[in-house]
K.L.:
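This is the structure I have questions about; it appears just below.
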Number of protein chains: 2
Amino acid sequence: MARRKQAVTIKHVAAEAGVSLQTVSRVINNEASVRPEMKVRVQSAIDKLGYVPSIAAQRMSGSRSYIILALNDRDRTIADWRARQGTDWVDQMLLGGMLSCAENGYRLIIELVDTHNDHVERELAAAIAALQPDGVILTPPHSDNPLITGLLAKRQIPFARIGSRSTGDGIALTMDDEGAAQQATQHLLALGHRSIGFIAGPADYQLSGWRGHGRSRDEHGRPACHG
Amino acid sequence: MARRKQAVTIKHVAAEAGVSLQTVSRVINNEASVRPEMKVRVQSAIDKLGYVPSIAAQRMSGSRSYIILALNDRDRTIADWRARQGTDWVDQMLLGGMLSCAENGYRLIIELVDTHNDHVERELAAAIAALQPDGVILTPPHSDNPLITGLLAKRQIPFARIGSRSTGDGIALTMDDEGAAQQATQHLLALGHRSIGFIAGPADYQLSGWRGHGRSRDEHGRPACHG
DNA sequence: CTGTTAGCGCCTTCAC
DNA sequence: GTGAAGGCGCTAACAG
């Protein structure tokens, strides 16, 4: 199997438009300092060639990875899957988060993690090292796992905690509706557009209790989302 | 937000083990030509430092991306999500595929695509250019879309067609059980470990009809999976 | 505002 | 069997 290279690269676009790689890059990243006419010229070249930047390359050059990591409890996920009753996690959160990501040019990658295992940190660290996500989303029972939130905080990776009310690092939001994940993702995206984490998990932990309160607010009377 | 670099790289491992980067790389990729003792030394250095290769970097240097792309029908997915009845796609296929991927060090990324739209090709091409997946998995109604299979075949990207019996490029397999996706993924992985594609979609197309046949075989009397 | 230079982390090709 | 050099595609510094 031949080594697969990118079909059309930024280089081709630059040649086609008769500008430097940098200018193309600037257009891609929608930077201000580009003359409108240049922008148009480059853009048309991009369209003509059907160019799409490689996220791997983008990430390699120190830019964003355009990847959001979502952590989900493994055992539970597998059990649900076997029982074919996994109407839980995916439909409520992952899909919502996925849609938000897609709308923003991001990709959501779901990672299954063993909670009741002291490997959690290692697993998380490995996933982060491999994927280098711009953000992470946590779901129960990971949302309040200090080992996880601590690691994320230390690495300065933006993350959201779904189904958690406790204050602390990261954005905490209760699942007051099916839009929670979407909300979470967008918050992360809005934050710094970098390192967003998402740990998705079954909603029958602390979460379930709050659910009875319906669309209630948090203890401060504000919508269920703390900064 | 500071430019995020990889914490521990192959370079650190090499230094720690007192060998060249190359040797470390060889150990990572499990290549034969490495003396057992060297292998052990390097491996322990890897463990000690908690090193995990960056898939972005791996992909950049012409290696695998360790990413499998799964295509799913967008509208349908969103509709299901809104109606909260999406017990369909994820639990049956995606989760299975996800598990298989995880077991093999791969990641499954789900991409929502508009089927009844002539943008399909563009969308697929864009996703491929951005992600550069090692393989793709197609699900109804994409499994038999010639625009999709054609593009994949032309680019020589291995792919599986779930819920499709028609012969042609790629691996076709019917969903004779909840293990279909898992099966599909493993086939792709087994293939050439490169470019695996997966287009997941609701199971109410041609698929539904076959389902009545239960775990039946295909018209050739073989298990429901053609090469 | 635009072009040039350097380098990200890793793997491939070629020497030793 | 191992090391050294080169480059993948892209962007972040610096010039001009």
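Because the structure is a prediction, the values reported are computed rather than measured. Numbers restart at 1 for each chain; the letters A, B, ... are given by sequence-line order, proteins then strands.
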K.L.:
Starting at CE of M60(B) and ending at C1' of dC11(C), how long is that distance when rounded to a whole Å?
P.N.:
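In whole Å, dC11(C) C1' and M60(B) CE are 11 Å from each other.
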K.L.:
Write down the distance between CZ (R64(A)) and C1' (dC10(D)), rounded to a whole number of angstrom.
P.N.:
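Rounded to whole Å, this separation is 14 Å.
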K.L.:
Closer than 4.0 Å, any side-chain N/O of R35(B) to the OP1 or OP2 of dT2(D)?
P.N.:
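Result: yes.
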K.L.:
To the nearest angstrom, how far is N29(A) atom CG from dC1(C) atom P?
P.N.:
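Interatomic distance, CG of N29(A) to P of dC1(C): 17 Å.
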K.L.:
Whether the side chain of S143(A) engages the backbone of I162(A) through a donor-acceptor N/O pair (distance < 3.5 Å, no angle test) should be reported.
P.N.:
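Yes; at least one donor-acceptor contact below 3.5 Å.
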K.L.:
Whole-Å distance between dG3(D) P and E31(B) CD?
P.N.:
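The answer, rounded to whole Å, is 13 Å.
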K.L.:
Check whether any side-chain N or O of N30(B) sits under 3.5 Å from a backbone N or O of R26(B) as a donor-acceptor pair, and report yes or no.
P.N.:
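Not confirmed, N30(B) side chain does not pair with R26(B) backbone.
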K.L.:
Heavy atoms from C-beta onward define the side chain here; which of dG9(D), dT2(C), dC11(C) lies closest to that of M38(A)?
P.N.:
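Output: dT2(C).
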K.L.:
Applying ring-ring contact (aromatic ring centres under 6.0 Å, His included), can you list everything that pairs with Y51(A), at least two apart in sequence or on another chain?
P.N.:
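Partners of Y51(A) under the ring-ring contact (aromatic ring centres under 6.0 Å, His included) test: none.
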K.L.:
In whole angstrom, what separates K39(A)'s NZ from dT2(C)'s P?
P.N.:
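One finds 11 Å between P of dT2(C) and NZ of K39(A), rounded.
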K.L.:
So which nucleotide from dG3(C), dC8(D), dT2(D) ends up closest to the side chain of R26(B)?
P.N.:
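Shortest atom-to-atom distance from the side chain points to dT2(D).
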K.L.:
Is the shortest side-chain N/O distance from S61(B) to OP1 or OP2 of dC10(C) below 4.0 Å?
P.N.:
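No.
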K.L.:
Using a cut-off of less than 4.0 Å, is there contact between a side-chain N or O of T9(A) and OP1 or OP2 of dG9(D)?
P.N.:
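Checking T9(A) against dG9(D): no side-chain N or O falls below 4.0 Å of OP1 or OP2.
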K.L.:
So which of residues 40-58 of chain B are in contact with DNA chain D, with a heavy-atom cut-off of under 4.0 Å?
P.N.:
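The answer is none.
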K.L.:
Spell out, as yes or no, whether a donor-acceptor pair under 3.5 Å connects the side chain of S65(B) to the backbone of R59(B).
P.N.:
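A pair under 3.5 Å: no.
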K.L.:
Counting only N and O atoms by type, is there a donor-acceptor contact under 3.5 Å from the side chain of N145(B) to the main-chain atoms of L147(B)?
P.N.:
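Indeed, once roles are kept as given, a pair shorter than 3.5 Å links the two residues.
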K.L.:
Do the side chain of R41(A) and the main chain of A17(A) share a donor and acceptor less than 3.5 angstrom apart?
P.N.:
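Yes, the answer is positive, given that a donor and an acceptor are paired below the 3.5 Å cut-off.
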K.L.:
Between S25(A) and dT11(D), is there a contact of a side-chain N or O with OP1 or OP2 at under 4.0 Å?
P.N.:
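So the side-chain polar atoms of S25(A) do come within 4.0 Å of the phosphate oxygens OP1 or OP2 of dT11(D), strictly under.
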K.L.:
Can you tell which of dC11(C), dA12(D), dC8(C) lies closest to the side chain of Q22(A)?
P.N.:
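Selected nucleotide (nearest to the side chain): dA12(D).
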K.L.:
If only side-chain N and O atoms of T23(A) are considered, is one of them under 4.0 Å from the OP1 or OP2 phosphate oxygen of dG3(C)?
P.N.:
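Yes, such a contact exists.
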K.L.:
Please state how far atom CG in L21(B) lies from atom C1' in dG1(D), giving the value in whole angstrom units.
P.N.:
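After rounding, the gap between these two atoms is 16 Å.
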K.L.:
Ignoring hydrogens and geometry, is there a side-chain-to-backbone donor-acceptor pair from R74(B) to L112(B) under 3.5 Å?
P.N.:
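It does hold such a pair.
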K.L.:
Expressed in angstrom and rounded to an integer, what is the separation of L131(B) atom CG from dC10(D) atom C1'?
P.N.:
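It is 16 Å, rounded to the nearest whole Å.
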K.L.:
For a quick check of understanding: with a heavy-atom distance under 4.0 Å over all strands, which category does V24(A) fall into, base, sugar-phosphate or nothing?
P.N.:
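Nothing: the residue V24(A), judged by heavy atoms under 4.0 Å, touches no strand.
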K.L.:
I need the CZ-P distance between R59(B) and dT12(C), as an integer number of Å.
P.N.:
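My rounded result for the distance is 11 Å.
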